[in-house]
Amino acid sequence: MSSTRTYETYYLRTFGCQMNEHDSERIAGLLAGMGLRPVDGPQRGDVLVYNTCSIREKADTRLTGHLGEARRLKAEDRRRLVIVAGCLAQSRQEGFFQQFPFVDVLVGPQSLHELPLLIEERLETGRHAGSFQRRTTVWSADLPRVRRTGPSAWVQIMTGCSNYCTYCIVPHVRGPEASRPAADIAREVRELAAAGVREVTLLGQNVNAYGREPGFAGAEDFPALLEALADVSGIERIRFMTSHPKDVSPRLLEAMAELAPVCEHLHLPLQSGSDRILAAMRRRYDRATYLDLVGRLRSRLPGLALTTDIIVGFPSETEADFADTLSLLEEVGHDGAFTFIYSPRRGTKAASLPGQLPREVTEERLARLVALAQRLATDRNQKLVGTVEEILVEGRSKNDSSMVKGRTRTHKTVNVPGDFPPGELVQVLIRSASSTSLVGVAVP
Ligand code: SAH
Ligand code: SF4
Ligand code: F3S
């Protein structure tokens, strides 16, 4: 790649979900393959890469700020390359070049493998270069990667989403659900284990649907995949994200109960507690089904932690609908909730629904929701005080260097005084708890 020889460094900034963070490990791998090395500020980068998200409008506005900086830096040194990857690139495609002409390359999430070629094309032709495939032809999970250090790793098991929840842009930008062959996943997990990884998080927009799309060549489904991975020696913990409530099967419950490495945590997005809103969101479950599922999960998996996602202010949401969300949350008693104000997304069905709500209403509802979610999380965490939990040490605590930080199998953050190396499993007596973390002492 002679034309890129003058480029030595890259700056990579990632927005959005874990899937995107993982894609960034692959982008970093491709750039490393081109002989570039990472720097931690855009001023020092010859190539600036923004791996973007388009899930909510806030994500777009944040990016605009970063691109303003990229434009200034490019004006200082015209040789610089500006690359926009990910979901926003995919949703805007060529139109993005009109709005931001200083951007050199656009690359959608299913086209990441083309990045080196696109850079070459840009340098050779002097014209904008972009690629926006809708379906996977090359799994980004099979590209070289530069992994964040530590005992945990992400493993992509599927891509895309075919659910088309009416508010959501993901199926539009990531394409239809497609599952990665189980043999490739198992090989990657074995390689990670050999490299010292002790915990893997299996990634997909709806992991419970793994292997179910028409045309999937393998015979495996998600519980069977878990079974295969549970046998990989060295892997102590297996996590997965995200699970759709409509696809949590009795076999999955059994697999979670029977397979020792599979952790006692399920992220189970609820979105709303109102049947009318759930139907308008096209979530394909109702309040009663969700509650029934939670009851079955808790009786088969004692100690299970449940976290969730909630959207407030979906079009036409009334105070009564919102009250249903609060009451369902209270009834379940989630361990944690990610809360979002509904954001209309171009091309989605909900964006053109009547009854879009004013900001004052949604913000006020969000504040009430957050207060409740914090109270419930505190209650759940307080219950652990006096118990002994196993943590996997991740590294030093952020605010106190005399402590290490780790996570329980239920995905709760615990701070512990002492000097334990990353990757060690430590038994900890929990002493205190807040809504976001626990503090404890190591016990033999
Ligand atoms: N596949 C996952 C979630 C993907 S996006 C699932 O189905 O749960 C993560 C979360 O973002 C969603 O669960 C939802 O709560 C939120 N979200 C998605 N689209 C949104 C929108 N248009 N406005 C606000 N929040 C949104
Ligand atoms: Fe979006 Fe729904 Fe798919 Fe999740 S399941 S990614 S919310 S469309
Ligand atoms: Fe993830 Fe955002 Fe795309 S949440 S899938 S990076 S739109």
Side-chain angles (χ1 to χ4, degrees), residues 13-24 27 50-60 62-63 84-92 107-110 112 140 154 156-178 202-210 213 240-248 266-273 277-278 280-285 290 306-315 317 325 329 334 336-353 356-357 362 365-366 369 373:
R13 175 88 188 217
T14 309
F15 305 83
C17 62
Q18 289 179 337
M19 208 93 53
N20 231 29
E21 297 271 354
H22 180 57
D23 281 348
S24 279
I27 293 174
Y50 300 88
N51 191 16
T52 60
C53 172
S54 54
I55 199 86
R56 284 169 290 274
E57 197 182 341
K58 223 184 229 169
D60 297 7
R62 270 181 68 201
L63 179 72
V84 176
C87 294
L88 188 68
Q90 184 72 24
S91 79
R92 303 286 296 279
V107 60
Q110 308 294 20
L112 291 184
S140 61
W154 288 306
Q156 191 189 2
I157 66 164
M158 55 194 304
T159 180
C161 180
S162 303
N163 282 319
Y164 285 93
C165 300
T166 55
Y167 51 81
C168 185
I169 199 165
V170 172
H172 304 262
V173 290
R174 294 251 167 181
E177 249 159 46
L202 310 179
L203 293 180
Q205 289 298 353
N206 180 9
V207 290
N208 316 141
Y210 173 80
E213 76 271 11
F240 49 89
M241 271 191 86
T242 297
S243 300
H244 194 300
K246 76 176 168 62
D247 295 315
V248 178
L266 201 56
H267 184 65
L268 200 60
L270 168 64
Q271 314 301 1
S272 168
I277 296 294
L278 285 170
M281 288 175 159
R282 208 190 283 136
R283 288 291 289 179
R284 287 174 276 184
Y285 53 83
Y290 190 91
L306 278 174
T307 53
T308 198
D309 293 347
I310 310 271
I311 297 176
V312 298
F314 185 83
E317 182 190 76
T325 298
L329 206 63
H334 287 94
F338 296 96
T339 53
F340 309 105
I341 291 181
Y342 167 74
S343 172
R345 302 282 66 203
R346 187 200 302 242
T348 62
K349 186 156 182 269
S352 54
L353 288 177
Q356 308 278 332
L357 297 178
T362 55
R365 283 183 193 163
L366 182 74
L369 179 67

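Atoms within a ligand are numbered from 1 in the order they appear, just like the ligands themselves.
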- prompt: Going by heavy atoms in the side chains, are Tyr167 and Arg283 under 4.5 Å from each other?
  reply: yes

message: Counting only heavy atoms closer than 4.0 Å, does ligand 2 sit against the backbone of Tyr164, its side chain, both, or neither?
response: backbone

field: Those atoms of ligand 2 less than 4.0 Å from some heavy atom in Cys168
entry: 1 (Fe), 6 (S), 7 (S), 8 (S)

- prompt: If you measure from atom 8 (O) of ligand 1 to every heavy atom of Ser243, Pro171, Pro269, which option wins on shortest distance?
  reply: Pro269

task: Check whether any N, O or S atom of His244, backbone or side chain, sits closer than 2.8 Å to atom 3 (Fe) of ligand 2.
output: no

query: N/O of Arg345 under 3.5 Å from N/O of ligand 1, yes or no?
result: no

query: Hey, which atoms in ligand 1 end up nearer than 4.0 Å to a heavy atom of Gln271?
result: 8 (O), 12 (C), 13 (O), 14 (C), 15 (O)

message: Counting neighbours of CD on Glu213 that are heavy atoms of other residues, nucleotides or ligands and sit closer than 6.0 Å, is the number greater than 12?
response: yes

task: Quick one: look at Pro171 and ligand 2, take heavy-atom pairs under 4.0 Å, and tell me if it's side chain, backbone, both or neither.
output: side chain

query: Is it the case that more than 12 heavy atoms not belonging to Phe338 sit under 6.0 Å from its CZ atom?
result: no

field: Heavy atom of the protein closest to atom 5 (S) of ligand 1 (residue, atom name, distance)
entry: Ile55 CD1, 3.6 Å

message: Using heavy-atom distances only, which candidate in Gly16, Cys17, Cys161, Ser343 approaches atom 22 (N) of ligand 1 most closely?
response: Ser343

Shortest protein contact, atom 19 (N) of ligand 1 (heavy atom only): Tyr167 CD1, 3.3 Å

message: Under a 4.0 angstrom heavy-atom cut-off, which atoms of ligand 2 come close to Arg283?
response: 2 (Fe), 7 (S)

Metal site atom 2 (Fe) of ligand 3, protein N/O/S atoms found under 2.8 Å: 1

side-chain contact (heavy atoms from CB on, under 4.5 Å) between Gln18 and Thr242, worked out: CA-CA 10 Å; Gln18 289 179 337; Thr242 297; over 6 Å; no

- prompt: When rounded to the nearest 0.5 angstrom, what distance separates CG in Asn51 from NE2 in His22?
  reply: 11.5 Å

task: State, with a plain yes or no, whether a side-chain heavy atom of Glu317 is found less than 4.5 Å away from one of Tyr342.
output: no

- prompt: Are His267 and Phe240 close enough that their ring centres sit under 6.0 Å apart?
  reply: no

task: Indicate yes or no: does an N/O atom of Tyr342 lie under 3.5 Å from an N/O atom of ligand 1?
output: no

- prompt: Do the side chains of Val207 and Met241 get nearer than 4.5 Å, heavy atoms only?
  reply: no

- prompt: What part of Gln205, side chain, backbone, both or neither, has a heavy atom within less than 4.0 angstrom of ligand 1?
  reply: both

task: Inspect the surroundings of CZ in Arg62 and state if more than 12 heavy atoms from other residues, nucleotides or ligands are less than 6.0 Å away.
output: no

task: Quickly, which of Ile310, Thr339, Val312, Ile311 forms a side-chain contact (heavy atoms from CB on, under 4.5 Å) with Thr325? Name it, please.
output: Ile310

query: What protein heavy atom is closest to atom 5 (S) of ligand 2, reported as residue, atom name and distance in Å?
result: Asn163 ND2, 3.4 Å

Heavy-atom gap Gln18 to ligand 3 smaller than 4.0 Å: no

task: Report the member of Ser243, Cys161, Ala209, Cys165 with the shortest heavy-atom distance to atom 3 (Fe) of ligand 2.
output: Cys161

message: Counting neighbours of NZ on Lys246 that are heavy atoms of other residues, nucleotides or ligands and sit closer than 6.0 Å, is the number greater than 12?
response: yes

- request: Answer with side chain, backbone, both or neither: which part of Phe340 has a heavy atom less than 4.0 angstrom from an atom of ligand 1?
  value: side chain

- request: Give me the ring orientation class for Tyr285 and Tyr290: parallel if the planes are under 30° apart, tilted from 30 to 60°, perpendicular past 60°.
  value: tilted

message: Using a 4.0 Å heavy-atom cut-off, which part of Arg283 comes near ligand 1: side chain, backbone, both, or neither?
response: side chain

field: Atoms of ligand 3 close to Gln205 [distance to a heavy atom under 4.0 angstrom, numbered from 1]
entry: 5 (S)

- prompt: Of the protein's non-hydrogen atoms, which lies at the shortest distance from atom 11 (O) of ligand 1, and what is that distance?
  reply: Arg56 NH1, 3.1 Å

message: Using 0.5 Å steps for rounding, measure from the OG atom of Ser24 to the CE atom of Met19.
response: 13.0 Å

task: For Ile311 and ligand 1, answer yes if some heavy atom of the residue is under 4.0 Å from a ligand atom, otherwise no.
output: yes

- prompt: Any chance CZ of Arg346 has more than 12 other-residue heavy atoms, nucleotides or ligands included, within less than 6.0 Å?
  reply: no

message: For Ser140 and Gln156, which I'm curious about, is there any donor-acceptor pair between the side chains at under 3.5 Å?
response: yes

- request: Answer with side chain, backbone, both or neither: which part of Ile341 has a heavy atom less than 4.0 angstrom from an atom of ligand 1?
  value: backbone

- line: Within 4.0 Å of some non-hydrogen atom of Tyr167, the atoms of ligand 2 are 7 (S)

- line: Rounded to the nearest 0.5 Å, the CG atom of Leu203 sits from the CG atom of Asn20 at a distance of 11.0 Å

- prompt: Under the salt bridge (Lys or Arg N to Asp or Glu O under 4.0 Å) rule, what pairs show up with a residue in residues 157-178, not counting sequence neighbours?
  reply: Asp23-Arg174

query: N/O of Asp309 under 3.5 Å from N/O of ligand 1, yes or no?
result: yes

Check: Cys53 and Thr14 side chains under 4.5 Å, non-hydrogen atoms: no

query: Heavy atom of Asn206 under 4.0 Å from ligand 1?
result: no

